[in-house]
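First comes the structure, then the notes that go with it.
Below, each value reflects all heavy atoms present in this structure, side chains not excepted, and no hydrogens, waters or symmetry copies. All figures in this text were calculated on a predicted structure; none of them were measured in a lab.
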Amino acid sequence: MADSVSNLKSISQPIVSAEAVGRYYYSHSAPGATVKAVDGVSVEIQRGQTFCLVGESGCGKSSLAKLFVGLEEPSFGTMRFKGEVYNSSILRKDIAARSKIQMIFQDPFASLNPRHTVSKIIQEPIRFQRRVSAREADRLSRDYLKQVGLSDADLDRFPHQFSGGQRQRISIARALASNPELLICDEPTSALDVSVQAQVLNLLKDLQAERDLTYLFITHNLSVVYHLADTVAVMYLGKLVEVAPKRTFFEWPKHPYSRLLLDTVPKLHRAEKRRASIAGELPNPLSIPDGCSFHARCPLAFSRCKVARPELKLMEDGAHVACHAIEEQRGK
């Protein structure tokens, strides 16, 4: 993966990066077998940008998010935040560093303590990480609640007394309470109604502009990606297969998997055209095929794809693609 790392280097120092990072799990159902949830991923996220990670369920997106936020320890590779190496062990000891990386979860109800009031939920990270007085914590909690569109009257209520969208706003306020620089957003709108999704997404965009936040945003919804992303990364069975600026990704997708994902999105101006479907199912993660892991589902696969695993390579338009067919210009 050394070439991939050098290809993804940029002039300015990224706020966070992964260098050939992997996370393997041992299987309980098949003794001796290993699930390669994240397998040698190298990526950089620049300060202030929204880096969107997409792919089918089971491709490793959430596992990678847990590595970035420090909930999991890498099996190998190096994580860096503002140039400094970090992992879950370091973050447990370094409260200041831990406060700068926060996560917003998919299910806001499951991530909020049902026994705590909103006031306590938001004040807890303030008191723990900033060591401020009770009076100052109360003042800050009110400010954060207002920033996400809720009021002082909500402070003494419990999570079950709110709607799904309001609970996600509380989750965002709790994340802001640590004064973070990087927010990991793991499908934060997928459990919400469409109209509420738009409100939460607009809130996240406004907060990013006001607070100079950086987002790693995980989603299945390519419409959300189009609305939010600066950079798009496509993940398949633990590996990145394409990383590209948003416009490049949507107008000139390279990898066959990226093209198939985009073809499944309904388009009003092409309503008469039958939408493509992604053939087949994800391979068994305990038995990933040799060569390119996508070759059994790929319309461009040829003999080399079955034996040699492709690495991310830089294209002329700034995209990085891991595909033998694209490299040999078979996919034009």
Side-chain angles (χ1 to χ4, degrees), residues 1-20 40-56 59-61 64 205 208 214-265 267 269-270 273 275-276 278 291-295 297-302 304-305 308-332:
M1 292 295 295
D3 290 341
S4 300
V5 177
S6 61
N7 282 342
L8 292 173
K9 291 291 183 184
S10 58
I11 297 175
S12 59
Q13 184 186 77
I15 187 171
V16 67
S17 65
E19 299 173 9
V41 168
S42 296
V43 70
E44 295 181 347
I45 303 177
Q46 301 299 321
R47 179 180 293 279
Q49 80 165 191
T50 299
F51 188 97
C52 283
L53 187 61
V54 302
E56 292 171 277
C59 71
K61 303 186 302 297
L64 182 58
K205 288 193 73 172
Q208 183 177 39
T214 303
Y215 293 150
L216 169 58
F217 201 98
I218 297 170
T219 182
H220 289 91
N221 191 332
L222 290 176
S223 298
V224 170
V225 175
Y226 189 83
H227 183 65
L228 282 184
D230 295 300
T231 301
V232 183
V234 182
M235 198 167 188
Y236 188 79
L237 285 179
K239 288 183 173 291
L240 296 181
V241 298
E242 182 164 358
V243 182
K246 178 180 71 174
R247 181 179 177 185
T248 300
F249 175 77
F250 279 96
E251 295 187 9
W252 304 286
K254 307 290 189 304
H255 198 278
Y257 181 57
S258 301
R259 297 177 184 178
L260 288 170
L261 286 177
L262 286 167
D263 281 343
T264 63
V265 178
K267 299 176 179 65
H269 64 284
R270 289 170 50 193
K273 182 178 178 180
R275 289 187 285 123
I278 301 178
C292 174
S293 55
F294 187 62
H295 78 257
R297 306 172 70 188
C298 181
L300 301 179
F302 62 107
R304 183 184 175 193
C305 303
R309 190 170 293 273
E311 299 292 339
L312 282 173
K313 294 190 176 180
L314 179 63
M315 302 288 109
E316 292 181 357
D317 59 3
H320 293 80
V321 184
C323 178
H324 297 311
I326 299 303
E327 182 183 350
E328 297 188 9
Q329 299 185 343
R330 292 171 177 255
K332 287 190 174 181

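A distance of 12.0 Å separates SG in Cys292 from OH in Tyr257, rounded to the nearest 0.5 Å. From Cys59, atom SG reaches atom NE2 of His220 across 7.0 Å, with rounding to the nearest 0.5 Å. The OG1 atom of Thr248 sits 12.5 Å away from atom CE of Met315, with the distance rounded to the nearest 0.5 Å. For the atom pair CD (Glu316) and CH2 (Trp252), the distance works out to 13.0 Å, reported to the nearest 0.5 Å.
Smallest separation of non-hydrogen atoms from Ile326 and Lys254: CD1-O, 3.2 Å. Between Ala229 and Lys246 the shortest heavy-atom distance is O-CD, 3.3 Å. Nearest heavy atoms, Gly48 versus Thr214: N-OG1, 2.7 Å. Nearest heavy atom pair, residue Ser42 against residue Ala20, reads OG-N, 2.8 Å. Nearest approach of His320 to Leu312, heavy atoms of both residues: O-CD2, 3.6 Å. Contact detail for Glu44 and Ser17: the closest heavy-atom pair is CG-CB, 3.9 Å.
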Could you please spell out the steps behind the side chain to side chain contact (heavy atoms under 4.5 Å, CB included) verdict for Leu53 and Leu240?
CA-CA 9 Å; Leu53 187 61; Leu240 296 181; 3.8 Å; yes
Go through it in stages, so that I can follow the logic: the residues are Leu261 and Tyr236, the test is side chain to side chain contact (heavy atoms under 4.5 Å, CB included), and I'd like the CA-CA distance, side-chain angles, deciding distance and then a yes or no.
CA-CA 11 Å; Leu261 286 177; Tyr236 188 79; over 6 Å; no
Please step through side chain to side chain contact (heavy atoms under 4.5 Å, CB included) for the pair Met235 and Val41, ending with a clear verdict.
CA-CA 9 Å; Met235 198 167 188; Val41 168; 4.1 Å; yes
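Every side chain to side chain contact (heavy atoms under 4.5 Å, CB included) that Phe302 has, sequence neighbours left out, goes to Arg304, Cys305, His324, Ala325, Glu328, Arg330. Residues that satisfy the side chain to side chain contact (heavy atoms under 4.5 Å, CB included) test with Thr231, not counting sequence neighbours, are Gln49, Phe51, Val243.
A 4.5 Å side-chain heavy-atom check between Leu228 and Gln208 finds every atom pair outside the cut-off. Side-chain contact check for Ser293 versus Arg309: some heavy-atom pair is nearer than 4.5 Å. For the pair Leu300/Arg259, a side-chain contact is recorded, criterion being any heavy-atom separation below 4.5 Å from C-beta on. When side chains are defined from C-beta on, Gln46 does not count as touching Asp230, because their heavy atoms never get closer than 4.5 Å.
By the 6.0 Å contact criterion, CZ on Phe250 is enclosed, its count of non-hydrogen atoms from other residues, nucleotides or ligands being greater than 12.
Checking side-chain atoms of Lys61 against main-chain N and O of Val234 turns up no donor-acceptor pair under 3.5 Å.
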